[in-house]
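Take a look at the structure set out below.
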Amino acid sequence: MFKLTLPTVDDLYEQLVTHPNVVRVVALSGGYTRAEADALLARQHGVVASFSRALTEGLRDDMTDDAFDTLLDTSIGEIFAASKASGVKKELHAHK
């Protein structure tokens, strides 16, 4: 498993993603906003999110429970959608 910085070059980690000895490649959101990180991740085929900072973006301790839960659910949904858009490792192997 590799946990790497989210690249700005599309499919930069393709050789790692398709390597038979690599189980998973995950990307950190780095200094990007969640929206920026999601957009970049969606272009990294076979890479999934490891976005702790982007996941918590906008969450505050003074929020109501409902507002906190709603924002967290939205964050999870957006990051999950970006991970799904990038595809999965076995799909890459099938296209080689």
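As the structure is a prediction and not an experimental result, all values here were calculated from the model.
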Side chain to side chain donor-acceptor pair (under 3.5 Å) partners for Asp11, two or more places apart: His45
Which atom of Val25 lies closest to which atom of Val17, heavy atoms considered: CG2-CG2, 3.8 Å
Are Leu4 and Val47 linked, directly or through other ILVMFWY residues, by side chains that come within less than 4.5 angstrom of each other? yes
Ala37 versus Ser29, closest heavy-atom pair with distance: CB-CB, 3.9 Å
Test of understanding: with side chain to side chain donor-acceptor pair (under 3.5 Å), list the residues that count as partners of Thr33, not counting sequence neighbours. Glu36
Hey, what do you get for OG1 (Thr8) to CD (Gln44), rounding to the nearest 0.5 Å? 8.5 Å
Common cluster, Tyr13/Val26, ILVMFWY with side-chain heavy-atom separation under 4.5 Å: no
For the residue pair Leu28 and Lys3, what are the closest heavy atoms and their distance? CD2-CE, 3.2 Å
Applying the 4.5 Å side-chain criterion to the ILVMFWY set and letting contacts propagate, would Leu16 and Val48 be lumped into a single cluster? no
Donor-acceptor pairs are to be reported for all side-chain atoms of residues 58-67 against protein atoms at under 3.5 Å, with residues two or more places apart or in another chain.
| unit_1 | atom_1 | unit_2 | atom_2 | d |
| --- | --- | --- | --- | --- |
| Arg60 | NE | Asp62 | OD1 | 2.9 |
| Thr64 | OG1 | Ala67 | N | 3.0 |

Can you list everything that forms a side chain to side chain donor-acceptor pair (under 3.5 Å) with Arg34? Sequence neighbours excluded, please. Ser75, Glu78
Return the OG1 to CG distance between Thr5 and Leu12, rounded to the nearest 0.5 Å. 10.5 Å
Rounded at 0.5 Å granularity, tell me how far CG in Asp73 sits from CZ in Phe68. 10.5 Å
At their closest point, which heavy atom of Leu6 faces which heavy atom of Ala27, and how far apart are they? CD1-CB, 3.6 Å
CZ/Arg24 to OG/Ser50 distance, rounded to the nearest 0.5 angstrom? 12.0 Å
Once side-chain contact (heavy atoms from CB on, under 4.5 Å) is applied, do any residues pair with Ala82, and if so which ones, sequence neighbours excluded? Asp38, Leu41
